[in-house]
Number of protein chains: 2
Amino acid sequence: MDGSKPDRRVRRTRRALQDALIALILEKGYEAVTVQDILDRADVGRSTFYAHFLDKEALLTSQFENLQADFEQHWAQGGHGVGLLAFSLPMFLHAQRYQRVYRAVVGKHSGQLIHQHLESYLMAHVQRQFEQENVGKPVGDIPRDLLAHHIVSSFMSLLIWWLEHGLPHPAERMADLYQRLMRGGVGDLP
Amino acid sequence: MDGSKPDRRVRRTRRALQDALIALILEKGYEAVTVQDILDRADVGRSTFYAHFLDKEALLTSQFENLQADFEQHWAQGGHGVGLLAFSLPMFLHAQRYQRVYRAVVGKHSGQLIHQHLESYLMAHVQRQFEQENVGKPVGDIPRDLLAHHIVSSFMSLLIWWLEHGLPHPAERMADLYQRLMRGGVGDLP
DNA sequence: CTCACTATAGAACACCATGTTCGGAAACGC
DNA sequence: GCGTTTCCGAACATGGTGTTCTATAGTGAG
């Protein structure tokens with residue numbers, strides 16, 4: 001790793017651009033945000049932008065990677081439970097703490113690319129858990145890959161719902177609701 | 001309703017544009033498709049396009065409305081079961097029959113707007129069912145709106161998964177898997 | 001503090017996609 | 001056939017993208 005901090009100007013510029021993007025996404029949605037908008041809001045020259053990021057999408061991706069790195073730090077400190085669904089509480093907590101960035105990056109206003117990133121990130125986690133804990137223990141007659149996909153996409157839609165509705169419940173409750181839903185929340189219906 | 005068919009040229013043009021859009025979405029994804037691409041593929045003049053549709057999105061929406069109208073015709077003929085999840089089999093069957101259009105319009109390659117349309121369409125259905133069949137019958141301590149959202153978004157992600165993986169199972173199996181998942185497919189996990 | 005280095009501003013540029021307009025040609029349905 | 005509607009094609013204004021260049025200003029090391 002390169003421990004030496006980059007030039008102060010670089011930090012200032014990148015920070016300004018990232019903040020501007022977040023604010024603009026929350027205002028008009030990712031697709032509608034133009035590079036010119038970001039430039040004006042961040043008060044940064046055009047050439048400077050392209051010196052740092054390949055395009056608008058790369059800027060968004062960098063934000064996602066920030067979140068991901070920070071989350072993994074929390075995760076590595078342990079304290080979470082074990083099992084297939086154990087990732088949910090830490091991630092709800094993380095989203096609660098950084099709700100503004102999450103709303104912009106993960107929420108409805110964001111682009112599809114980030115959703116795909118998040119999906120494959122979680123999918124990799126779930127697949128790993130499957131291999132570790134659950135060897136040769138079939139779940140009903142539901143195919144493994146489909147079940148994994150369901151676990152991940154249900155979590156993501158729940159997370160987005162939560163963010164879009166202004167976090168109406170605490171993270172702990174959301175994790176509990178998620179696990180109930182996955183274990184059969186619709187069990188007593190025809 | 002206006003039973004009289006429109007001018008043959010109109011039918012030809014609209015058909016050509018719609019077909020071109022579908023083909024192009026399947027090739028490069030909705031976002032990457034340009035109006036110029038559609039014009040070239042459909043062999044239609046630029047001004048003609050804008051005489052029929054407001055923009056690229058309106059063209060896609062018209063496709064979705066075609067599907068929706070056709071599905072509702074099937075649905076109105078009855079034969080499907082009752083209950084909250086009864087919509088799933090007819091819709092899987094419908095998607096199976098028109099898989100090419102579904103892949104383009106509903107699948108991963110499409111835009112977000114269509115997903116929102118489909119979501120609110122299904123959501124309205126589920127909410128209606130809730131009011132009819134389920135008055136005052138709480139489901140665990142899971143809030144109604146969250147449960148409805150989970151039912152709908154799980155179905156959609158399952159449908160998309162199915163389409164993107166080339167319909168690996170018949171529609172009947174998918175409907176069955178869906179209902180198992182909703183009733184607790186992950187029940188025996190820690 | 002000085003100085004070599006590096007990032008930034010700002011403007012100019014080519015490129016491409018969008019959406020509008022208009023007159024003449026062609027296809028339509030009756 | 002004939003009046004009507006639609007289509008074509010080209011031109012045009014607009015606005016966003018990404019590149020390049022030079023002068024300027026900020027930075028960190030010594």
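The sequence lines fix the lettering, A, B, ..., with proteins before strands; numbering per chain opens at 1. As a basis for the values below, the full set of heavy atoms in this structure was taken, side chains included, without hydrogen atoms, waters or symmetry mates.
The residue among B/Lys56 and B/Pro6 whose nearest nucleotide of DNA chain C lies closer to the 5′ end is B/Lys56.
One end of the helix from C/dC1-D/dG30 to C/dC30-D/dG1 points its axis 40° away from the other end's axis, with each axis taken from 5 pairs and the angle rounded to 10°.
Applying the ring-ring contact (aromatic ring centres under 6.0 Å, His included) test to B/Phe49 and every residue at least two apart in sequence or in another chain returns nothing. Under the rule for a side chain to side chain contact (heavy atoms under 4.5 Å, CB included), the partners of B/Thr13 that lie at least two apart in sequence or sit in another chain are B/Leu17, B/Val44, B/Thr48, B/His52. Considering only residues two or more places apart in sequence or on other chains, A/Asp145 meets the side-chain hydrogen bond (donor to acceptor under 3.5 Å, both in side chains) condition with none of them. For A/Asp40, the side-chain hydrogen bond (donor to acceptor under 3.5 Å, both in side chains) test picks out A/Gln36, with sequence neighbours left out. Not a single ring-ring contact (aromatic ring centres under 6.0 Å, His included) links A/Tyr50 to another residue, sequence neighbours left out.
The aromatic ring centres of A/His169 and A/Trp162 sit 6.0 Å or more apart. Ring to ring, A/Phe155 and A/Phe92 are close: their centroids are under 6.0 angstrom apart.
The minimum heavy-atom distance between B/Phe130 and B/Ala148, with the atom names listed, is CE1-CB, 3.9 Å.
Contacts of residues 45-55 of chain B with DNA chain D (heavy atom under 4.0 Å): B/Gly45, B/Ser47, B/Thr48, B/His52. Contacts between residues 33-44 of chain B and DNA chain C, counted as heavy-atom distances below 4.0 Å, involve B/Thr34, B/Val35, B/Gln36. The stretch residues 7-28 of chain A touches DNA chain D through A/Asp7, A/Arg8, A/Arg9, each having a heavy atom within less than 4.0 Å of the strand.
Look at B/Arg12 and B/Asp7 and you find no salt bridge, because none of the NZ, NE, NH1 or NH2 atoms lies under 4.0 Å from a carboxylate O.
Of all nucleotides in DNA chain D, those with any atom nearer than 4.0 Å to a heavy atom of chain B start and finish, going 5' to 3', at D/dT5 to D/dG9.
Judged as a salt bridge (Lys or Arg N to Asp or Glu O under 4.0 Å), the pairs with a partner in residues 23-38 of chain B (not counting sequence neighbours) are, in order, B/Glu27-B/Arg41, B/Lys28-B/Asp37. Judged as a salt bridge (Lys or Arg N to Asp or Glu O under 4.0 Å), not a single pair has a partner in residues 53-82 of chain A (not counting sequence neighbours).
One N or O on the side chain of B/His165 and one on the backbone of B/Trp161 form a donor-acceptor pair closer than 3.5 Å.
For B/Leu59 and C/dG19, the CG to P distance is 12 Å, given to the nearest whole Å.
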Next item on the list: Show your working on side chain to side chain contact (heavy atoms under 4.5 Å, CB included) between B/His125 and B/Gln129 and close with a plain yes or no.
Entry: CA-CA 6 Å; B/His125 171 85; B/Gln129 297 285 30; 3.5 Å; yes
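The OG1 atom of B/Thr61 sits 10.5 Å away from the CD atom of B/Gln68 when rounded to the nearest 0.5 Å. The CD1 atom of B/Ile151 sits 4.5 Å away from the CG atom of B/Leu84 when rounded to the nearest 0.5 Å.
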